[in-house]
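Here's the structure we're looking at; comments come further down.
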There are 2 protein chains.
Amino acid sequence: MTESPEDENVFRALADPTRRKILDELTERDGQTLFEICARLAMKHQHTASRQSVSQHLDTLAAAGLVTSRRDGRYKFHYLDTTPLRRLTERWRRPETKET
Amino acid sequence: MTESPEDENVFRALADPTRRKILDELTERDGQTLFEICARLAMKHQHTASRQSVSQHLDTLAAAGLVTSRRDGRYKFHYLDTTPLRRLTERWRRPETKET
DNA sequence: ACCATAGGCAAGTGTTCACTTGCCTATCAA
DNA sequence: TTGATAGGCAAGTGAACACTTGCCTATGGT
């Protein structure tokens, strides 16, 4: 059972608390721009994150396939994609179901 | 939506490839000792990990609640517990289901 | 043309984290 | 008791990673 490189990226992406908060933010409101995400992180999560920091986190999330983006003029909208999460925990499901 | 400290530990525990392989190993054969895990990692995954390294990984997995252990004389058996994985991905499930 | 906004790129910094190293305790067999 | 096995503890090292800093491009409004 060797894992795919994509799975590696997903686990790495989920490891950081700020990135998980970004996913929370996109879950609540999909298609936000970089500035929107920064502002809402600061307000709702009392979490001060710089623009560059959030931008790099979005790159990491994109590498994991968890976030896609679409350019429109000056604006770049970010969208959540939860499909990489589906197979994630299936991996450690026992062959025989273990009950306490 | 603030995450629990236990969830933080679970995400951190899953971030490391060696720890995921240990979970793979315990999925295939539950209740292994430290030395068994080391030996099987080396054989099956061509992954050379020292005893101390694996021991520290088991501590991290235990802190996440993913592994429990039971002492019996000289031996300490390690058991997989997948319950912390259940709620993990539910968090980012959209209110409206997004397709493609 | 100008300026402000939205975002990108890349080098540098500091912290976290995995792994090693060395020594220690505990159990079991002879 | 002696030796071997199974595991633990803690300080030190090196690399990965999050974040900053400084400067750049591009779009839109006036």
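To find a chain, count down the sequence lines: A is the first, B the second, and so on, and within it residues start at 1.
- Side-chain contact between A:Leu88 and A:Val10 is present, with at least one heavy-atom pair separated by less than 4.5 Å.
- In this structure the side chain of A:Glu36 reaches within 4.5 angstrom of the side chain of A:Arg29, judged on heavy atoms.
- With the nearest nucleotide of DNA chain C identified for both B:Thr18 and A:Thr33, A:Thr33 has the one nearer the 5' end.
- At a threshold of 4.5 Å between non-hydrogen side-chain atoms, the residues A:Arg71 and A:Phe77 do not count as touching.
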Give every pair of a protein N or O atom and an N or O atom of nucleotides 25-30 of chain D that lie under 3.5 Å apart, one pair per line with the distance.
residue	atom	partner	partner atom	Å
D:dG28	O4'	A:Arg74	NE	3.2

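- Rounding to whole angstrom units, CG of residue A:Leu41 and C1' of D:dC19 are separated by 15 Å.
- Using a 4.5 Å cut-off on side-chain heavy atoms (C-beta onward), B:His78 and B:Arg70 make no contact.
- Boundaries of the chain B contact region on DNA chain C are C:dC17 to C:dC28, first to last in 5' to 3' order (nucleotide atom under 4.0 Å from a heavy atom).
- You'll find the side chain of B:Leu23 stays beyond 4.5 Å of the side chain of A:Arg91, heavy atoms only.
- Using a 4.5 Å heavy-atom cutoff, the side chains of B:Arg20 and A:Trp92 are in contact.
- Counting heavy atoms from C-beta outward, A:Glu8 and B:Pro17 have side chains that approach closer than 4.5 Å.
- In terms of modelled atom types and a separation under 3.5 Å, the side chain of A:Arg19 and the main chain of A:His57 share no donor-acceptor contact.
- A heavy-atom distance below 4.0 Å to DNA chain C is reached by these residues of residues 50-63 of chain B, ordered by number: B:Ser50, B:Gln52, B:Ser53, B:Gln56, B:His57.
- Looking at heavy atoms from C-beta onward, B:Leu34 lies in side-chain contact with B:Leu58 at the 4.5 angstrom threshold.
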**Request:** Could you give me the CA-CA distance, side-chain angles and deciding distance for B:Glu90 and B:Arg93, then say whether salt bridge (Lys or Arg N to Asp or Glu O under 4.0 Å) is met?
**Result:** CA-CA 5 Å; B:Glu90 309 271 330; B:Arg93 204 155 284 180; 3.8 Å; yes
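- Taking for each of B:Phe77 and A:Ala15 the nucleotide of DNA chain D with the nearest heavy atom, the 5'-most of the two is the partner of B:Phe77.
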